[in-house]
Amino acid sequence: MFLVFILIIEAGLFFYLYTGLANTRISEELESLRVRGNSHREVLEQHRDSITLSHVALMESETDTDVVITNINGEVLSASTPLITGAKAAVNEWRDKKLPYEGKILQRDWETSPYIATASPIEVNDNQVGTVYMFKDTKDIKGMIDRLQHHFYIAGIISIVFAVVTTFALSKLITAPLVQMKQATEKISQGHLTVKLGAHSRDEVGQLGTSIQALANELQRLKKERNEFLSSISHELQTPLMYVKGYADIAKRHETSEENRTKYLGVIEEEAERISKLVKDLFQLARLDKNTFLIEKQEVELQSYLSKICEAFQLALSEKNVHIEVNCPKYVNVLIDEERFMQVIINVIDNALRYSETKKILISVEEDNWRVKLSIQDYGVGIPSEDVPYVFDKLYRVDKSRSRKNGGYGLGLSIVKDIVEAHGGKVEMTSIAEKGTTVSISLPKER
Ligand SMILES: Nc1ncnc2c1ncn2[C@@H]1O[C@H](COP(=O)(O)OP(=O)(O)OP(=O)(O)O)[C@@H](O)[C@H]1O
Ligand SMILES: [Mg+2]
């Protein structure tokens, strides 16, 4: 298409240039012929004796133009020799033509006629007494036009070759990366995510390539993550199910005492509960991922909200002999989904109680113009610094071989992160081994 457009434009321009040039050249020829006739006429208006007449004829015999001089009746008084064929007959035919004083072009058809011709009247006291007819052979004009055409052909061929070559080179240059990208996206859609798109230029095509590469990498990462997640989940399910199956087997036996049977059934119930919690947590995570999780924010006064949650923990706290302190100024309001946010705080406190062997948990609230920062701090064993960056990942646990008893699945903190982010907030963890752990949640203030 590009090439066709270029060729059409080129052809149009060449045609315009060629006809313009050719017409100008021919007009120039005709004009100079007329002017020459006029200058002869001026001489003849002064002297019309036979010497002058033959002198004018002699002058034209030496040039590539011819002259025929007639009197008012069209009789030839003088003519250059040799005279172009057909000139006398033409003069005879034109003798009654009315001529303006500045002369007239009588034959301009250079393509079919053997000559071009002009005529200038000889006037004495405003009366025409004769005519000067000028002729020029069209052979020369044709030769000139042929040369012009020849130049145009050469220029035309060169520019067509250039247009073809540059168009193909350019389209190759432009389409090659696009073709590569097309193949890459086809591969991606078929599930082959290891695409390599090579170096990218800095134009739009290059940026597109970079985006596709990034997309492929991200898809690959997600695929890997999903596979790992699935295998971890099945692994996590394996253990409690094994317990359920094992204890059910023993409980079923006749020789098992009633007391043991009750104990084993208790274990089975406990494990079933764990599985149920896992499934519930996974379900919640899946909903958080899909953005179908509706956060219904309302204004909540933090101090009373926090003490309400702590009350719920009272039993577990006194059992473990842990003291919880809430350090929150009055009338700090935040926009949160009460129920979901409760889960955030419960998960964090639950971790502190379970893993840190702390004797005190401090919940403090700070407020500035832009955000409300809520920190939950324990003074327990802390988390090794190499584990801290991963604690918000799904299924990540510091103690991989943790006993079944107080072991979670490593989903609590990822749920915390998802819920806080769904509120537009941020959650961070700082921890020093043997000193304690702080989870800081900052929520933006709606203004
Ligand atoms: N306050 C803390 N002190 C020490 N370690 C902690 C603390 N909080 C979290 N951790 C460590 O981080 C890991 C991840 O915590 P997370 O709450 O995500 O999972 P979990 O408690 O193991 O399981 P779940 O919450 O799903 O029952 C925990 O397994 C624990 O090793
Ligand atoms: Mg937890």
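Whatever order the structure lists ligands and atoms in, that order sets their numbers, starting from 1.
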- Could you check if a side-chain atom of T210 sits within less than 4.5 angstrom of a side-chain atom of Q213, using non-hydrogen atoms only? no

- Message: Can you name the atoms of ligand 1, numbered from 1 with element, that are less than 4.0 Å from a heavy atom of G412?
- Response: 16 (P), 17 (O), 18 (O), 19 (O), 24 (P), 25 (O), 26 (O)

- Residue pair R274, E270: steps toward the salt bridge (charged side-chain N to carboxylate O under 4.0 Å, His left out) verdict: CA-CA 6 Å; R274 274 168 57 80; E270 213 174 87; over 6 Å; no

- Item | Side chain, backbone, both or neither: F392 near ligand 1, heavy atoms under 4.0 Å | neither

- Candidates L411, I415, I383, L285; heavy atom nearest atom 6 (C) of ligand 1 found on I383

- Message: Tell me the contacting part of T437 for ligand 1: side chain, backbone, both, or neither, using a 4.0 Å heavy-atom threshold, strictly below.
- Response: side chain

- Query: Do ligand 1 and D350 have nitrogen or oxygen atoms that lie under 3.5 Å from each other?
  - Reply: no

- Query: Is it true that R34 and E31 make a salt bridge, defined as a side-chain N closer than 4.0 Å to a carboxylate O?
  - Reply: yes

- Query: Taking only heavy atoms of A352, which atoms of ligand 1 are found under 4.0 Å from at least one of them?
  - Reply: 1 (N)

- V398 N/O to ligand 1 N/O under 3.5 Å: yes

- Item | Y355 six-ring face occupied by R397 cation (under 6.0 Å, within 45°) | no

- Under 4.5 Å between any side-chain heavy atoms of K245 and D249, yes or no? yes

- Pairing of K277 and E273 as salt bridge, 4.0 angstrom limit: no

- Answer yes or no for V391: is there a heavy-atom contact with ligand 1 below 4.0 Å? yes

- L413 to ligand 1: N or O pair under 3.5 Å? yes

- Query: Is R36 salt-bridged to E60, cutoff N-O under 4.0 Å?
  - Reply: yes

- Query: Within less than 2.8 Å of the Mg ion (ligand 2), any N, O or S from N351?
  - Reply: yes

- Task: For ligand 1, find out whether one of its N or O atoms is nearer than 3.5 Å to an N or O atom of D378.
- Result: yes

- Item | Test salt bridge (charged side-chain N to carboxylate O under 4.0 Å, His left out) applied to E225 and K394, step by step | CA-CA 10 Å; E225 203 174 73; K394 292 186 186 82; 5.4 Å; no

- Query: At the 4.0 Å heavy-atom cut-off, does G380 count as touching ligand 1?
  - Reply: no

- N260 side chain reached by I250 side chain, heavy atoms, under 4.5 Å: no

- Message: Using only atom types and a distance under 3.5 Å, with no angle test, would you say the side chain of D387 pairs donor to acceptor with the backbone of V398?
- Response: no

- Taking N or O atoms only and a 3.5 Å limit, does R397 qualify as a polar contact for ligand 1? no

- Near Y396 (heavy-atom distance under 4.0 Å), the atoms of ligand 1 are 13 (C), 14 (C)

- Query: Is the closest N or O pair between S356 and ligand 1 shorter than 3.5 Å?
  - Reply: no

- Message: Using a 3.5 Å cut-off on N or O atoms only, is N351 in polar contact with ligand 1?
- Response: yes

- Message: Looking at E259 and K263, is there a salt bridge between them, counting it only when a charged N and a carboxylate O are closer than 4.0 Å?
- Response: no

- Item | Heavy-atom gap G382 to ligand 1 smaller than 4.0 Å | yes

- What are the atoms of ligand 1, with element, lying closer than 4.0 Å to any heavy atom of R354? 27 (O)

